Each structure stands twice: as structure tokens, then as C-alpha cells.
Amino acid sequence: MFFDEKMQLVWVDGPIEHLETFVQKCCMGDGRIHPTTAVDKMSSGMGFAPPEVENVWAKKIEEMEQMVQNLDLPVVEPAFEDARSPELSNYLDRVATELYSKRKELEDLIEQKQICETGVEQFAHFEELDVDLSEALSCEYIAIRFGKLPKVSFDTLLREHSDDPYVFFLRCSEDKDFYWGMYFAPRNKRVLVDGIFAGLYFERVRLPGATGTPTEIVQNLKHNLDILQKQITKAQSELEQIWGAEKWRCAGIYASFCSLARVVELSKCAVVRGGHFFYAVWVEQSALKEFVAHADTIENLHMAMDMTLPRKKWKLLNE
């Protein structure tokens with residue numbers, strides 16, 4: 001542009017019950033309309049005060065964001081009247097209940113899957129053992145400890161405890177830094193033996209209860225994982241179907257809540273005295289005609305034009 005567009009300060013006053021309607025119709029523009037705090041331009045002691053308004057929409061926004069977490073919420077135009085509908089609360093309660101129920105089912109399935117995956121990872125280290133673990137762990141006179149021992153500690157065990165009949169580590173598998181396996185101890189010696197292995201930095205693994213050999217347990221767990229994955233896929237699909245049927249209306253309601261919350265916040269720019277509000281707004285001159293036309297659709301509003309400033313000067317004034 002080859003000229004500096006002017007900014008017009010407009011004063012608006014009217015009945016307090018029309019304040020939010022005025023803000024919604026006239027001050028929710030496309031960046032050419034800039035409400036300003038009216039109290040800053042009022043003389044002190046004139047009896048003006050900020051309006052007493054509560055932003056009830058902020059709580060509704062928070063509730064909806066919690067309801068739609070991790071779901072795709074389309075961006076749509078607000079539908080103010082829909083957001084104020086008396087039936088809206090029941091509708092959102094129903095959608096929230098359906099989403100929560102399906103999410104809870106999905107979370108439970110994912111948790112079961114994680115337990116099985118952990119089981120596979122743990123039992124796989126001991127697949128060389130051809131022993132029923134439930135029977136081994138129920139021995140009356142022998143305590144068995146499963147876990148991993150650092151390889152450097154295994155060398156120490158061989159060097160310092162080779163003559164001790166109660167200190168023996170059975171290796172089942174290994175990785176870069178550890179031997180995975182188990183040690184045995186008579187139950188009347190287990191405190192002593194546990195202490196020795198603790199000093200060797202043995203990390204005990206408490207295997208979840210299962211019946212059969214480690215190989216059989218791993219096979220059963222993998223079978224369960226296949227079943228759980230199918231159930232998870234089904235639950236995810238059902239969740240997507242529920243949301244697919246509701247998301248467009250919910251998106252409109254959410255957009256409306258956000259816009260209505262913005263209306264309330266912009267309403268706080270006003271001052272009130274008696275039953276009237278007074279509002280100050282800067283309007284680009286190119287948008288002034290449209291602004292006035294919208295304001296004229298609201299009963300009992302009065303407008304007065306105040307100062308005009310070049311945009312650059314206005315910008316410096318409001319930084």
C-alpha cells in the first residue's frame with residue numbers, strides 16, 4: 001500500500017443486556033477491528049466499573065478438550081445458537097460416555113498386551129529350561145531366584161565362590177553385558193546366598209505366575225498377543241466409528257464455545273454505569289462502514305466517532 005491507513009476510535013454505548021450481542025456481531029472481525037480497554041480512557045471518579053461477567057464457556061472448552069483428546073477435531077465455523085441449545089448438555093454427556101467407555105476398553109486391552117509383551121521378553125531368557133516353572137517355584141526346601149548377573153560379576157563368582165556348595169548360578173542365555181539365569185539356595189540358607197548375589201549385583205526378575213515350561217509359556221503368551229491385537233484393532237475401529245458420527249457437530253460446538261469465550265473476554269473491555277455499557281474500539285477506516293452497519297442492527301446502541309490516527313502512529317501508541 002502507498003498510504004498509511006487511518007484508524008478510527010469509535011465509542012459505543014447501550015443497554016448492558018446488549019453488550020455481548022454487540023461484541024459478537026461487531027468486534028469478532030478479521031483483524032481490522034481492535035477493542036481497547038475503555039476504563040483506561042475514562043476519568044476517575046465518574047462511577048464507571050468493569051462489567052461483572054463470568055466466562056462459563058472456558059470450563060466447557062476444558063471439558064470438551066478432555067473429551068476429544070487424541071481425536072481429530074475438524075476446524076469449522078462456530079454455530080452460536082447450537083452452543084446455547086438447552087439439549088446440548090445431554091448430547092455432549094452421551095458422546096462423552098460413549099467415548100469414555102470405548103477408550104476404557106481400549107486402554108484395558110493395551111495394558112493386557114503390554115503385560116503379555118513383558119512376559120514374553122522375560123520368559124524368553126529362560127527358554128532353555130525344560131522345567132515346569134510353577135512346580136519349580138513351589139519347591140518346599142529350595143528357593144529359586146531368576147534374574148540377570150553382570151558378566152564381570154560372574155567371573156568374580158567363579159573366582160571367589162567356586163568352593164561354596166550353596167553358591168551356584170545356572171546360565172540360560174546372555175546378551176552383551178549380562179548372563180540370564182537362576183541360582184538355588186536351601187531355604188534355611190537363602191538369606192546368606194541372597195546377600196552374596198546382591199553383592200555381585202544380581203538383578204532379580206520376578207516372573208509372573210504361569211504354568212508350563214518357559215517355551216510353553218512364551219508360546220501361550222504370543223497366542224494371547226495375537227488375540228489381543230485383533231481385539232485392539234476392533235476397539236480402535238469402533239472408537240473411530242463413534243467419533244466419525246459425531247465429530248462434525250462436536251467441532252461446531254467446540255468452535256462456538258471458543259468464540260463465546262472470546263466474546264466474554266472482549267466484553268471485559270467495556271465499562272458499565274447503571275444499566276448501560278460503554279465500549280471503545282479502534283476500527284480500520286476500510287472496515288468502518290461494515291462495523292457501523294452491524295451495530296445498527298442492535299437496538300438502542302449509540303455511536304460517537306473520536307480521534308483518528310495513522311496506523312503507524314496508532315500501532316506505536318498500542319505497543
Side-chain angles (χ1 to χ4, degrees), residues 1 3-58 60-61 75-86 88 252-319:
M1 296 179 69
F3 62 92
D4 188 7
E5 184 166 15
K6 300 293 192 296
M7 299 293 293
Q8 175 71 56
L9 179 61
V10 183
W11 282 94
V12 181
D13 69 89
I16 187 67
E17 60 268 21
H18 293 338
L19 172 58
E20 288 194 4
T21 301
F22 161 71
V23 171
Q24 180 180 315
K25 285 190 173 184
C26 303
C27 301
M28 304 282 286
D30 55 2
R32 298 180 297 165
I33 299 171
H34 305 270
T36 186
T37 307
V39 72
D40 293 341
K41 297 175 173 56
M42 296 291 191
S43 300
S44 60
M46 295 177 64
F48 295 104
E52 296 181 0
V53 290
E54 179 185 1
N55 199 338
V56 297
W57 306 107
K60 294 180 182 293
I61 291 171
V75 177
V76 299
E77 290 296 318
F80 293 100
E81 295 309 316
D82 191 28
R84 296 187 178 103
S85 169
L88 188 63
I253 293 168
Y254 178 76
S256 301
F257 284 167
C258 291
S259 294
L260 289 167
R262 177 67 174 158
V263 168
V264 173
E265 291 305 309
L266 289 178
S267 296
K268 295 178 182 179
C269 291
V271 291
V272 297
R273 185 175 66 181
H276 281 71
F277 75 88
F278 299 83
Y279 205 94
V281 56
W282 288 97
V283 183
E284 290 183 10
Q285 285 195 330
S286 61
L288 188 58
K289 182 177 180 180
E290 182 181 357
F291 176 85
V292 171
H294 287 157
D296 283 342
T297 64
I298 305 171
E299 294 182 355
N300 300 319
L301 289 192
H302 303 93
M303 284 178 287
M305 303 297 160
D306 201 323
M307 70 178 78
T308 302
L309 292 176
R311 186 177 182 86
K312 289 182 179 178
K313 187 174 182 179
W314 167 83
K315 190 173 182 179
L316 289 173
L317 186 66
N318 288 275
E319 284 182 346

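Not measured: the values here are computed from a predicted model.
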For residues [X] and [Y], report the shortest heavy-atom separation together with the two atoms involved.
X: I33; Y: C27; answer: CG2-CA, 4.1 Å
X: E299; Y: P15; answer: O-CD, 4.4 Å
X: S256; Y: A83; answer: CB-CB, 3.3 Å
X: G31; Y: E284; answer: O-OE2, 4.0 Å
X: R84; Y: W57; answer: CG-CH2, 4.1 Å
X: L9; Y: A280; answer: CD1-CB, 4.2 Å

Distance, nearest 0.5 Å, that separates [atom1] of [X] from [atom2] of [Y]:
X: C258; Y: I253; atom1: SG; atom2: CD1; answer: 12.0 Å
X: H34; Y: K315; atom1: NE2; atom2: NZ; answer: 10.0 Å
X: K6; Y: W314; atom1: NZ; atom2: CH2; answer: 14.5 Å
X: N300; Y: H18; atom1: CG; atom2: NE2; answer: 5.5 Å

Tell me if the CD atom of E17 is crowded by more than 12 foreign heavy atoms within 6.0 Å.
yes
Residues, nucleotides or ligands: over 12 heavy atoms within 6.0 Å of R32 CZ
yes
Just so I know, are the side chains of [X] and [Y] near enough to count as touching, which here means a heavy-atom distance under 4.5 Å?
X: W282; Y: L309; result: yes
X: E20; Y: L260; result: no
X: F257; Y: L88; result: yes
X: M305; Y: V292; result: yes
X: M7; Y: Q285; result: no

Residue among V23, L301, I298 satisfying side-chain contact (heavy atoms from CB on, under 4.5 Å) with V12:
L301
Is the ring pair Y279/F22 parallel, tilted or perpendicular, if the boundaries are 30 and 60 degrees?
perpendicular
Please state whether the rings of H276 and F278 are parallel, tilted or perpendicular, taking 30° and 60° as the class boundaries.
tilted
May I have the list of side-chain donor-acceptor pairs in residues 265-272 shorter than 3.5 Å, sequence neighbours left out?
| from | atom 1 | to | atom 2 | distance (Å) |
| --- | --- | --- | --- | --- |
| E265 | OE2 | N55 | ND2 | 2.8 |
| E265 | OE2 | K268 | NZ | 3.2 |
| S267 | OG | V263 | O | 2.8 |

Quick one: does any side-chain atom of Q8 pair with a main-chain N or O of D306 as donor and acceptor, under 3.5 Å?
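Confirmed, Q8 side chain pairs with D306 backbone.
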